[in-house]
Amino acid sequence: MAFDTMIAEWLINPASHNLGLKNLAWARLGVEMKPITDLIGKGKAQITMAGVPIAQATPYACADVDMTYRLVKVLEPELHEKKLWLLFTEVEMPLVPVLSAMEMRGVALDVEFLREMSRQLHERLMALEREIHELVGYPFNIGSTQQLSDALFIKLGLSAQGVPKTKSGHYSTSASVLERLRGQHPVIDLILEHRELAKLKSTYVDALPKLVNKRTGRVHTSFNQTGTVTGRLSSSDPNLQNIPIRTELGRQVRRAFIAAPGHLLLSADYSQVELRILAHISQDEGLLAAFKRGEDIHASTAATVLGVPIEKVTREMRRLAKTINFGITYGMSGYGLAQRTGLSQEEADRFIKNYFAKYPRVKKYVEETKRKAREQGYVETLLGRRRYFPELASDSKAHYSVKAAAERMAINAPIQGSAADIIKIAMINLHRALKERGLASSMTLQVHDELVLEVPEGELEAVKPLVKSTMEGAFELDAPLKVDMKVGRNWLEMEPVEA
DNA sequence: GCGGTGGGCGCG
DNA sequence: AAAGCGCGCCCACCGC
């Protein structure tokens, strides 16, 4: 179907169920990571499409390759000057048709399953609501944080000791606060369960079926190519990058994402991609060696930092190491580590100090990155994608906390952004490889470090090695990329497979 | 009825 | 003084 047809349908009735490819805002130029519309707004280019001045048109009106390239004529010198030309021509533009194909393909949804799940959630929610009102002593809206706060801290008189207040002045009722209140009153457990179920029901179980396209019978997300500051994609309407997996009940939602008859879902995800990138960029010997030996990286970190043999690492030690391995790439402090692990602040500080002593080049990466952000004004990914930090300039009057936050973003941006670069290359190459071989398999979802493909059963054996080698070969890291794959009839019940 | 904001929470 | 990055969506609440 042609784009103009879809746009016409959408213009006639914007609320209609059409295939509205919101990826039509598809011109990520990579220039300072700003959407094309921002640049146009500054009057750098006065371009019209079908007689409409783009500056006043919605981003959707940018859906014309011709227009995009005419606009680029104006921006080309800047792309060259900032060394973004190859990223633009070799990655972002070739990605556009790949994303369009994924959006068009969509994914099948078991609506009947979700309807049944909705009924069961409704029943349980009603029971919980009754019990909660009973225990509190009067009926109120459990979904209102203000009313809930009053119920807990005024009516029931639970201790508000150390509970942070929100901007609007009432005590926070966040999950971390409720967890701490758990022993104080039996109602807390019920509220936590109510929260979890209400979230699942409203955000996924009830919302997803409404977005099934009447024509295709499938859900078609939009992959926004210009929606993040790091180079990642985002997904919306519906967001299929935040489907539950961490709790048993939540992950049941994944059962609703099914392969078409005669097909299978193949999920392929990069193992520890951000830590491998950190190892590559920092060139830290210990980290590189652990990956080259193919070790369980969290166990390896625990062994190294705590000074025990890797086979003596307990679950508890590994869990701590996992927290710090992730935290490092976000610029986490001792306070933050303590908050998340139950360690005292002193212990957490000491642990981080030890970590940096054992992985000195990681420490150096952190310091170098902060220096670059301050001195050159930006940091960059493996492919040269930039993120700017005006707050960190030496003449900046920004508050300390603002600068500290910017530093954490600067530490994370090259890592998260490089991972985005890599999976984008993989997507382009895989799309082409499948086409070249005349295979009917195609990507349907991207979840930052994971690709989901819908594969005709007969193609599975051919597609598995192709996916694995294409993803692993997307970029050569000194800590080599590793891809794990799973196959199943739906996104929940998947079995690990080898290529 | 609509749009914006805040609190909260799902994912990587 | 703040205290781990990046997203999008739900509901409540508020002002218009």
Side-chain angles (χ1 to χ4, degrees), chain A residues 22 33 140-149 164-178 191-192 195-208 210-211 221-224 226-247 249-251 253-254 269-270 272-275 278 323-341 345 348-349 352 366 369 379 387 399-417 419-420 423 445-451 491:
Chain A
K22 279 136 291 187
M33 301 194 182
F140 65 101
N141 185 346
I142 303 163
S144 160
T145 50
Q146 297 183 23
Q147 293 180 39
L148 180 62
S149 179
K165 289 208 179 175
T166 65
K167 279 187 198 171
S168 38
H170 59 274
Y171 289 112
S172 167
T173 64
S174 67
S176 63
V177 168
L178 295 179
I191 291 167
L192 281 164
R195 274 265 173 84
E196 184 188 355
L197 270 53
K199 174 91 177 177
L200 289 177
K201 185 169 185 290
S202 66
T203 307
Y204 306 101
V205 177
D206 290 346
L208 287 170
K210 294 181 191 159
L211 291 166
T221 187
S222 293
F223 288 109
N224 191 342
T226 56
T228 69
V229 289
T230 54
R232 275 188 177 181
L233 302 175
S234 73
S235 158
S236 64
D237 309 296
N239 180 357
L240 296 185
Q241 291 179 325
N242 73 343
I243 302 303
I245 193 168
R246 292 174 191 171
T247 69
L249 185 64
R251 63 187 294 147
V253 171
R254 295 192 167 224
D269 70 283
Y270 282 116
Q272 308 295 354
V273 62
E274 294 198 354
L275 281 176
L278 177 62
T323 303
I324 197 166
N325 271 337
F326 283 114
I328 278 304
T329 65
Y330 303 149
M332 188 170 58
S333 66
Y335 174 89
L337 183 63
Q339 286 291 300
R340 284 162 190 79
T341 57
Q345 168 115 28
D349 285 339
I352 291 179
V366 170
T369 305
V379 298
R387 180 169 177 186
H399 190 274
Y400 170 82
S401 62
V402 174
K403 290 191 179 185
E407 286 182 346
R408 293 193 297 274
M409 297 174 206
I411 292 164
N412 178 258
I415 301 171
Q416 188 184 126
I423 198 166
L445 300 177
Q446 188 255 40
V447 193
H448 310 307
D449 64 356
E450 172 188 12
L451 294 177
W491 206 6

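Every heavy atom of this structure was used, including side-chain atoms; hydrogens, water molecules and symmetry mates were not. Here is how names work: the chains are called A, B, and so on, in the same order as the sequence lines, proteins then strands, and each is numbered from 1.
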Regarding [X], tell me which of base, sugar-phosphate or nothing describes its non-hydrogen contacts under 4.0 Å with the strands shown.
| X | answer |
| --- | --- |
| Asp269(A) | nothing |
| Arg195(A) | sugar-phosphate |
| Glu274(A) | nothing |
| Gly336(A) | sugar-phosphate |
| Lys199(A) | base |
| Ala175(A) | sugar-phosphate |
| Ser172(A) | sugar-phosphate |
| Ile415(A) | nothing |

[X] [atom1] - [N] [atom2] separation (whole Å):
| X | N | atom1 | atom2 | answer |
| --- | --- | --- | --- | --- |
| His448(A) | dC7(C) | NE2 | P | 10 Å |
| Gln446(A) | dG6(C) | CD | C1' | 13 Å |
| Ile142(A) | dC13(C) | CD1 | C1' | 18 Å |
| Lys167(A) | dC13(C) | NZ | P | 18 Å |
| Glu407(A) | dA3(C) | CD | C1' | 13 Å |
| Ile191(A) | dC9(B) | CD1 | P | 12 Å |
| Tyr204(A) | dC10(C) | OH | C1' | 9 Å |

Which nucleotide wins on minimum distance to the side chain of [X], given the candidates [options]?
| X | options | result |
| --- | --- | --- |
| Asn239(A) | dG6(C), dG10(B), dG7(B) | dG10(B) |
| Ser144(A) | dC13(C), dC5(C), dC9(C) | dC13(C) |
| Thr228(A) | dG12(B), dA2(C), dC7(C) | dC7(C) |
| Ile245(A) | dG12(B), dG7(B), dA12(C) | dG12(B) |
| Met332(A) | dG12(B), dG6(C), dG4(C) | dG4(C) |
| Gln416(A) | dG10(B), dC5(C), dA12(C) | dC5(C) |
| Arg254(A) | dC5(C), dC13(C), dC11(B) | dC11(B) |
| Ser174(A) | dG8(B), dG8(C), dG7(B) | dG8(B) |
| Arg387(A) | dG6(C), dG4(C), dG8(B) | dG6(C) |
| Met409(A) | dC5(C), dC9(B), dG4(C) | dC5(C) |

Taking all heavy atoms of [X] and all of [Y], pick out the closest pair and write down the distance.
| X | Y | answer |
| --- | --- | --- |
| Ser149(A) | Tyr171(A) | OG-O, 3.1 Å |
| Phe223(A) | Leu233(A) | CD2-CD1, 4.3 Å |
| Thr166(A) | Ser172(A) | CG2-CA, 3.9 Å |
| Asn141(A) | Gln147(A) | N-OE1, 2.8 Å |
| Ile423(A) | Gln446(A) | CG2-NE2, 3.4 Å |

Just checking, is any N or O donor in the side chain of Thr341(A) or Thr323(A) under 3.5 Å from an acceptor N or O on the other one? no

Side chains of Ser168(A) and Gln146(A): do they bring a donor and an acceptor to under 3.5 Å? no

Is there a side-chain contact between Asn412(A) and the phosphate of dG4(C), meaning an N or O under 4.0 Å from OP1 or OP2? no

If you assign His399(A) and Ala405(A) each to the DNA chain C nucleotide with the nearest heavy atom, which residue ends up on the more 5' nucleotide? His399(A)

Write down the distance separating the P atoms in dG7(B) and dA3(C), rounded off to the nearest Å. 14 Å

Which value, in whole Å, describes the distance between the C1' atoms of nucleotides dG4(C) and dT5(B)? 24 Å

Can you check whether Tyr330(A) stacks with the dG4(C) base, using ring centres under 5.5 Å and planes within 30°? no

Base paired to dG4(C) (Watson-Crick or G-U; both N/O distances under 3.5 angstrom): none

